[in-house]
Amino acid sequence: MGNDDRVPQLQSVIEELPAGFDALRVAARAEGYRFVERLAADWMSGAIRFDREGEALLAARVTDVLAGIGGLTIEPIVPGALRMRRFYVRRAYRRSGIGRQLATALLERARNAASLVTVNAAPASTAFWESLGFAPDARDGHTHVHQLDQGLLQK
């Protein structure tokens with residue numbers, strides 16, 4: 001395996017959930033994460049398709065494996081904000097930069113549509129989100145906020 005074999009390729013998810021999504025869903029469920037199931041249900045029902053202004057769903061692929069997925073939707077509670085959601089990286093690919101690459105790409109997209117991004121961070125992911133510039137702010141259904149206009153995004 002060459003060094004480039006572990007470099008993730010990000011793809012926009014537009015028409016259908018990416019190849020390998022079912023295996024990603026099984027991995028998330030095995031860890032007790034139910035939000036990937038919600039992503040599948042919302043996608044299939046058409047309830048959330050990440051297709052409104054400012055929204056995006058990105059898949060991270062390493063060679064032939066769907067290593068992670070993450071989305072950005074309009075924040076339902078905070079006017080003019082976006083929400084990071086349905087963010088999952090397979091255990092074998094964590095701490096390799098894939099999550100950071102996914103989140104950074106989504107935050108860059110958010111800059112064109114909003115000045116605030118929220119996230120409801122699981123306790124185990126708090127340090128990750130804070131390393132990206134999210135600050136604790138437990139209200140309105142989220143745990144953290146990121147003020148994009150303050151230039152807090154770190155690479």
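The figures here come from the full heavy-atom set of this structure, side chains too, leaving out hydrogens, waters and symmetry mates. Heads up: numbering here begins at 1 and tracks the sequence.
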Query raised in the report: What are the two closest non-hydrogen atoms of Ile98 and Ala67, and how far apart are they?
Result: CD1-CB, 3.9 Å
Query raised in the report: Leu72 and Phe50: side chain to side chain contact (heavy atoms under 4.5 Å, CB included), yes or no, with the steps?
Result: CA-CA 7 Å; Leu72 196 60; Phe50 302 86; 5.8 Å; no
Requested in this report: Taking Arg100 for its side chain and Arg95 for its backbone only, find out whether a donor-acceptor pair lies under 3.5 Å.
Outcome: no
Query raised in the report: For Asp137, which residues count as a salt bridge (Lys or Arg N to Asp or Glu O under 4.0 Å) partner, sequence neighbours excluded?
Result: Arg139
Report summary line: When every non-hydrogen atom of Gly20 is compared with those of Arg90, the smallest separation belongs to O-NH2, 4.2 Å
Report task. Taking all heavy atoms of Phe87 and all of Gly99, pick out the closest pair and write down the distance. Result -> CZ-O, 3.3 Å
Query raised in the report: Could you state the interatomic distance from CD1 (Ile74) to CD (Glu53), rounded to the nearest 0.5 Å?
Result: 8.0 Å
Query raised in the report: Below 4.5 Å, heavy atoms only, C-beta onward: do Arg61 and Val65 meet side chain to side chain?
Result: no
Report task. Go through the steps for Met84 and Leu106 under the test side chain to side chain contact (heavy atoms under 4.5 Å, CB included), then give the verdict. Result -> CA-CA 8 Å; Met84 194 78 70; Leu106 289 166; 3.5 Å; yes
Requested in this report: Considering non-hydrogen atoms only, spot the tightest contact between Leu102 and Gly68 and give its length.
Outcome: CD1-C, 3.9 Å
Query raised in the report: Less than 4.5 Å apart, any side-chain heavy atom of Glu16 and any of Phe21?
Result: no
Query - Polar side-chain atom of Thr104 near backbone of Gln101 as donor-acceptor pair, under 3.5 Å - result: no
**Report entry** Heavy-atom side-chain proximity of Val89 to Arg94 below 4.5 angstrom
**Finding:** yes
Query - Under 3.5 Å: donor-acceptor pair, side chain of His146, backbone of Leu132 - result: yes
**Report entry** Heavy-atom pair with the smallest gap, counting every atom of Ala113 and Leu82
**Finding:** CB-CD1, 4.1 Å
Query - Side chain to side chain, Thr143 and Thr126, heavy atoms closer than 4.5 Å - result: no
Report task. Give a yes or no on whether the backbone of Pro76 and the side-chain of Arg83 come within a donor-acceptor separation of less than 3.5 Å. Result -> no
Identify every side-chain donor-acceptor pair in residues 33-44 under 3.5 Å, counting partners at least two apart or on other chains, and give the distances.
| from | atom 1 | to | atom 2 | distance (Å) |
| --- | --- | --- | --- | --- |
| Glu37 | OE2 | Arg29 | NH1 | 2.2 |
| Asp42 | OD2 | Arg86 | NH2 | 3.4 |

Query - Contact check, side chains of Arg85 and Ile48, non-hydrogen atoms, under 4.5 Å - result: yes
Report task. Search all heavy atoms of Val13 against all heavy atoms of Leu17 and return the closest pair with its distance. Result -> CG1-CA, 4.1 Å
Requested in this report: Determine, stepwise, if the pair Arg109 / Ser12 fulfils side-chain hydrogen bond (donor to acceptor under 3.5 Å, both in side chains).
Outcome: CA-CA 12 Å; Arg109 288 175 183 234; Ser12 291; 3.1 Å; yes
Query - Heavy-atom check, side chain of Ile69 versus side chain of Leu57, under 4.5 Å - result: yes
Query raised in the report: With side chains defined as the heavy atoms from C-beta onward, is the minimum distance between Phe134 and Leu107 less than 4.5 Å?
Result: yes
Query raised in the report: For the hydrophobic clusters of this structure (ILVMFWY residues joined by side-chain heavy atoms under 4.5 Å, transitively), does one cluster hold both Val119 and Leu148?
Result: yes
Requested in this report: Please determine, by modelled atom types, if Thr73 and Glu55 share a side-chain donor-acceptor pair under 3.5 angstrom.
Outcome: no
Report task. Could you tell me the separation between the CD atom of Glu75 and the OG1 atom of Thr118, rounded to the nearest 0.5 Å? Result -> 3.5 Å
